[in-house]
Amino acid sequence: MKNRIQKIVGLISLEFVIVAFLFIGALFVFALVAHAVYENEDLFDKRAFAYLSSYSSEGFLEAMKFFTFFGSILFLLPAYILLVVYFFIKKEFRYCIDILIISISSSVLMFGLKELFHRQRPDLPLIKSIATTYSFPSGHALSSFIFCSVLIDLIWESTLARVWKWVFSILLLLFSFTIGISRIVLKMHYATDVIAGFCLGIVWVIISFRVIKKINFKEARISKK
């Protein structure tokens with residue numbers, strides 16, 4: 001019995017523990033926030049607006065307007081198209097399919113939840129927007145996190161030195177988080193919208209990457225036979 005337990009513990013890697021912790025934690029926080037939004041409870045949205053407003057200088061707002069663009073469909077759609085075209089030219093069709101699956105499935109999930117919760121956007125946004133969708137969850141937070149996660153996955157499959165893989169991964173995550181914060185600063189989303197967007201992004205990245213890599217692994221084994 002003892003030897004069996006030791007074997008099981010040995011099979012559980014640190015990576016698995018971290019991923020499981022992130023998945024459960026993100027899912028729990030999303031459920032907590034979603035329940036509060038559904039019940040029209042104000043967790044800390046007003047306080048978040050008040051806190052960020054005290055630091056919102058003209059220069060800071062301009063920087064946030066710059067960052068928020070990279071979470072919009074005007075940037076992400078062409079960016080995804082370029083990625084798919086690039087791998088299509090290189091005849092890396094597996095990457096093309098994986099990127100399309102992740103981007104399309106996350107968008108369907110996002111719009112489905114927006115329609116489910118029907119949360120109105122904050123009053124008096126600081127920028128003009130053509131956005132007509134509901135507020136919860138934040139599409140900018142979710143979509144930017146998904147896109148940056150795709151780039152991080154591609155970076156880790158590249159031949160870059162390990163140190164640069166870590167550097168670029170951290171920078172991409174910080175970039176995504178900055179986009180999310182910009183939505184609160186510009187009063188396009190509540191803080192809970194953004195938190196929910198990131199949590200949903202973490203959950204969906206773990207699920208989709210796990211499923212896709214399993215499918216690719218099985219296909220690779222079959223092709224070798």
Side-chain angles (χ1 to χ4, degrees), residues 13 15-27 30 68-116 131 133 137-162 164-180 194 196-225:
S13 64
E15 180 184 356
F16 176 83
V17 172
I18 293 172
V19 170
F21 178 79
L22 282 173
F23 181 84
I24 295 170
L27 194 61
F30 176 81
T68 205
F69 167 75
F70 294 99
S72 70
I73 193 171
L74 295 176
F75 170 76
L76 291 175
L77 182 58
Y80 273 121
I81 291 172
L82 284 174
L83 271 180
V84 171
V85 169
Y86 171 76
F87 286 114
F88 186 83
I89 292 172
K90 292 191 68 176
K91 296 183 179 181
E92 295 279 0
F93 302 120
R94 179 175 64 86
Y95 287 121
C96 296
I97 295 170
D98 292 350
I99 291 168
L100 287 172
I101 289 173
I102 294 170
S103 59
I104 294 172
S105 63
S106 61
S107 296
V108 171
L109 178 66
M110 175 190 69
F111 286 117
L113 287 171
K114 282 179 180 288
E115 290 298 322
L116 175 65
T133 57
S138 168
H140 275 61
L142 172 62
S143 300
S144 64
F145 184 85
I146 295 288
F147 181 71
C148 288
S149 296
V150 169
L151 294 182
I152 289 171
D153 185 63
L154 293 173
I155 287 170
W156 279 88
E157 290 194 13
S158 71
T159 56
L160 280 173
R162 191 177 182 85
W164 288 113
K165 289 179 179 180
W166 277 108
V167 169
F168 286 127
S169 298
I170 292 170
L171 288 176
L172 282 167
L173 287 176
L174 290 175
F175 184 66
S176 175
F177 292 145
T178 303
I179 292 171
V194 172
F198 283 132
C199 288
L200 190 61
I202 292 170
V203 170
W204 199 245
V205 162
I206 292 172
I207 291 174
S208 56
F209 278 35
R210 179 76 174 174
V211 171
I212 287 171
K213 289 185 184 298
K214 269 196 169 185
I215 292 172
N216 291 335
F217 178 73
K218 286 182 179 180
E219 288 180 350
R221 289 186 62 184
I222 292 171
S223 63
K224 287 180 180 179
K225 289 182 179 180

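Throughout, residue positions are numbered sequentially from 1 according to the sequence presented. What you see is a predicted model, and the numbers here were worked out from it, not measured in a lab.
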ask   = Hey, is the main chain of T68 close enough, under 3.5 Å, to the side chain of H140 for a donor-acceptor pair?
value =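 Yes, H140 side chain to T68 backbone: donor-acceptor pair under 3.5 Å.
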
request  = Give a yes or no answer on whether the side chain of S144 reaches the backbone of A141 with a donor-acceptor pair at less than 3.5 Å.
outcome  =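 Present.
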
request  = Assess whether atom CZ of F93 is packed by more than 12 heavy atoms of other residues, nucleotides or ligands within 6.0 Å.
outcome  =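 Correct, the count exceeds 12.
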
ask   = For F69, does the CZ atom have more than 12 heavy-atom neighbours from other residues, nucleotides or ligands under 6.0 Å away?
value =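 Check passes, neighbour count above 12.
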
ask   = Who passes side-chain hydrogen bond (donor to acceptor under 3.5 Å, both in side chains) against W156, sequence neighbours left out?
value =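 By the side-chain hydrogen bond (donor to acceptor under 3.5 Å, both in side chains) rule, W156 matches S169.
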
Roughly how far, to the nearest 0.5 Å, is [atom2] of [Y] from [atom1] of [X]?
X: I155; Y: K165; atom1: CD1; atom2: NZ; result: 9.5 Å
X: D98; Y: L83; atom1: CG; atom2: CG; result: 12.0 Å
X: L142; Y: F147; atom1: CG; atom2: CZ; result: 14.0 Å
X: I170; Y: L174; atom1: CD1; atom2: CG; result: 7.5 Å
X: I179; Y: F198; atom1: CD1; atom2: CZ; result: 7.5 Å
X: S158; Y: W164; atom1: OG; atom2: CH2; result: 12.5 Å

key: Sub-4.5 Å side-chain heavy-atom contact between V203 and F23   =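 Contact flag for V203/F23 side chains = yes.
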
ask   = Should S149 and F145 count as side-chain neighbours, where that means a heavy-atom distance under 4.5 Å?
value =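 They are in side-chain contact.
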
What donor-acceptor contacts under 3.5 angstrom involve side-chain atoms of residues 103-112, with partners at least two apart or in another chain?
{"unit_1": "S103", "atom_1": "OG", "unit_2": "I99", "atom_2": "O", "d": "2.9"}
{"unit_1": "S103", "atom_1": "OG", "unit_2": "L100", "atom_2": "O", "d": "3.1"}
{"unit_1": "S105", "atom_1": "OG", "unit_2": "I101", "atom_2": "O", "d": "2.7"}
{"unit_1": "S105", "atom_1": "OG", "unit_2": "I102", "atom_2": "O", "d": "3.2"}
{"unit_1": "S105", "atom_1": "OG", "unit_2": "W204", "atom_2": "NE1", "d": "3.0"}
{"unit_1": "S106", "atom_1": "OG", "unit_2": "I102", "atom_2": "O", "d": "2.9"}
{"unit_1": "S106", "atom_1": "OG", "unit_2": "S103", "atom_2": "O", "d": "3.0"}
{"unit_1": "S107", "atom_1": "OG", "unit_2": "S103", "atom_2": "O", "d": "2.9"}

key: Contacts of C148 that satisfy side chain to side chain contact (heavy atoms under 4.5 Å, CB included) - sequence neighbours left out   =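 Side chain to side chain contact (heavy atoms under 4.5 Å, CB included) check on C148 returns L172, F175, S176.
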
Salt bridge (charged side-chain N to carboxylate O under 4.0 Å, His left out): pairs with one or both residues in residues 152-161, sequence neighbours excluded =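 Qualifying pairs, neighbours excluded: R94-E157, D153-K213, E157-K213.
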
request  = Any salt bridge (charged side-chain N to carboxylate O under 4.0 Å, His left out) involving residues 137-149? Give me the pairs, sequence neighbours left out, ordered by first then second residue.
outcome  =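 For residues 137-149: none.
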
Nearest atoms (heavy-atom pairs only) where [X] meets [Y]:
X: I146; Y: G201; answer: CD1-O, 3.9 Å
X: C199; Y: F30; answer: CB-CB, 3.9 Å
X: I202; Y: L22; answer: CG2-O, 4.0 Å
X: L76; Y: G71; answer: CD1-O, 3.5 Å

ask   = With F87, which residues qualify under ring-ring contact (aromatic ring centres under 6.0 Å, His included), at least two apart?
value =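 Here the qualifying residues are Y95.
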
